[in-house]
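Since the structure comes first, as structure tokens, the remarks are kept for the end.
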Number of protein chains: 2
Amino acid sequence: MTKTLVAPDTREATRARLERAALDLFTARGFEQVTADEVAEAADTSRRTFFRCFESKADAVWGDFAAHVRRLDAMLAATPAGQPVLGSICAAYVEVNAYADDALPMLRQRMRLILTEPALLAHSQVRYGDVDRVVAAHVARRTGGRPDALVPRLVAASTRAAATTAFETWLDDVRLPLARALHDAFDELSAGFPSLR
Amino acid sequence: MTKTLVAPDTREATRARLERAALDLFTARGFEQVTADEVAEAADTSRRTFFRCFESKADAVWGDFAAHVRRLDAMLAATPAGQPVLGSICAAYVEVNAYADDALPMLRQRMRLILTEPALLAHSQVRYGDVDRVVAAHVARRTGGRPDALVPRLVAASTRAAATTAFETWLDDVRLPLARALHDAFDELSAGFPSLR
DNA sequence: ACGTTAGTGACACCCAGTGCCACCAGCAAC
DNA sequence: GTTGCTGGTGGCACTGGGTGTCACTAACGT
């Protein structure tokens, strides 16, 4: 009961244990079929602690997504001014999703859950809202308009749609590199869907 | 207590009362601040009945969205074969959202809630999934590919992004007709975002 | 009178999420 | 070494969404 003597039992460690337990249980039995109590128990802690580490059951799947968004923001800001806007967004998406090979299985597990489980798919809308705001702000900076105007919003929403679709096809095809999937989707989008002609 | 003697108290009538009460209460006090009990009471019925008419609290805001999707599907199917694919999708979106003037206030109320309240925005992802499947199937029919290939999925996701963005700008600007907002967004999308050059 | 059907309300239950409080380790400072 | 603070914790009770079950009632047919 008291691993406290071994490791100082920091919040981060508990959080990491919960995250692994959640990912595995959700994958094995489905998101809805697993209670927060069960995840907590599997991580050798309590329900109360679970909800101190994560705002919601769904958040346990997302890791530190806020940091992810912050990195995306920084990459967009560091983008060369001459680069086309869509190209800069694509590059940022690719770079922020450039995981080491040994991190890919966990990413797959996460994304499969998020795109497969209805409750998690719903929750994703909230998370992606942050992404959209960051991208729209970038577009507004580049075009000199307001971030809530049509074009920045539309670019943010449709590039995110492209990224999500890329993730879906990446999940379906084990041999397709993620960067390739993203480039394919962005190319199609930025050329006005040449495949349709 | 028994309006039954006057009207046969059909499910549809109860559902309609609940929908109105929900829309009004959510608008007045916010989605999270209103309990299902309160909505039920305002509609002169019980909580249990509320959840018999709607799968979830969020569903009370969506009206008969399944019928909406069915109409969209029919319109896409009835599209002339010569028409460009994106054009046919835009036309279908415009047509399916061609409401009579006196229906617009309720549509505004609905959409404002859906796009404003985080819980409803999240739920929208589930609903829009049905739309995406219908649109992807249409694209697949037109291009001869599979509905789960990159292009059909991408077209579905990004046209829906365009439609959603159009709704947002429509909400922000009372003088902008919805059809116009939709056309603007689709034009930008299908031309590969000319405003960015 | 009889069964059938659709709609309903009441109750009990499960589970996500929160506020509160008491507890305990480590780490000062005195 | 006791006093006090801090961070992490578990237990408990409570609110609220959502569901299963059951008994009741009105309408309709036979």
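We name chains A, B, ... by the order of the sequence lines, and we start the count at 1 in each one.
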Distance check needed: [N] [atom2] versus [X] [atom1], whole Å only.
X: A:Phe26; N: C:dC15; atom1: CZ; atom2: C1'; result: 13 Å
X: B:Asp44; N: C:dG7; atom1: CG; atom2: P; result: 17 Å
X: A:Arg29; N: C:dC15; atom1: CZ; atom2: C1'; result: 14 Å
X: A:Glu41; N: D:dT9; atom1: CD; atom2: P; result: 17 Å
X: A:Phe50; N: C:dT18; atom1: CZ; atom2: P; result: 11 Å
X: A:Glu55; N: C:dT18; atom1: CD; atom2: P; result: 8 Å

Among D:dG8, C:dG9, C:dG7, the nucleotide that comes nearest once only the side chain of A:Thr10 is considered: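 That would be D:dG8.
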Can you figure out which of C:dT8, D:dG10, C:dG9 approaches the side chain of B:Arg11 most closely? C:dT8
Atom pairs under 3.5 Å: protein N/O with N/O of nucleotides 15-17 of chain D:
residue : atom : partner : partner atom : Å
D:dG17  : OP1  : B:Lys57 : NZ           : 3.1
D:dG17  : OP2  : B:Ala36 : N            : 3.2

Check nucleotides 20-24 of chain C for protein N or O atoms closer than 3.5 Å to its own N or O atoms and list the pairs.
residue : atom : partner : partner atom : Å
C:dC20  : N4   : A:Arg48 : NE           : 3.4

Test: B:Arg175 cationic atom under 6.0 Å from B:Trp170 six-membered ring centre, within 45° of axis: no
With sequence neighbours left out, write down each residue that passes salt bridge (Lys or Arg N to Asp or Glu O under 4.0 Å) with B:Asp172, or none if nothing qualifies. A:Arg153
Taking all heavy atoms of A:Ser124 and all of A:Ile114, pick out the closest pair and write down the distance. CB-CG2, 4.1 Å
For B:Thr27, run the side chain to side chain contact (heavy atoms under 4.5 Å, CB included) check against B:Glu117, B:Arg112, B:Gln109 and tell me which one passes. B:Gln109
So does B:Thr49 get a side-chain nitrogen or oxygen closer than 4.0 Å to the phosphate oxygens (OP1/OP2) of C:dG9? yes
Does A:Thr14 put a side-chain nitrogen or oxygen below 4.0 Å from OP1 or OP2 of D:dT9?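 So the side chain of A:Thr14 is within the cut-off, an N or O lying under 4.0 Å from OP1 or OP2 of D:dT9.
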Check residues 78-106 of chain A and write down every donor-acceptor pair under 3.5 Å in which the side-chain atom is one partner and the other belongs to a residue at least two apart or another chain.
residue : atom : partner  : partner atom : Å
A:Ser88 : OG   : A:Val85  : O            : 2.6
A:Ser88 : OG   : A:His138 : NE2          : 3.0
A:Asn97 : ND2  : A:Tyr93  : O            : 2.9

Classify the side-chain pair B:Glu188/B:Ser195 by whether it contains a donor and acceptor separated by less than 3.5 Å.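 Yes - a donor-acceptor pair under 3.5 Å links their side chains.
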Are A:Met111 and B:Val126 connected in the hydrophobic side-chain network, where two residues link if heavy atoms are under 4.5 Å apart? no
Contacts of type ring-ring contact (aromatic ring centres under 6.0 Å, His included), residue B:Phe31, not counting sequence neighbours: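 Here the qualifying residues are B:Phe26.
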State which residues pass ring-ring contact (aromatic ring centres under 6.0 Å, His included) with B:Phe65; sequence neighbours excluded, sorted by chain then number.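 With sequence neighbours excluded, B:Phe65 shows a ring-ring contact (aromatic ring centres under 6.0 Å, His included) to B:Trp62, B:His68, given in chain and number order.
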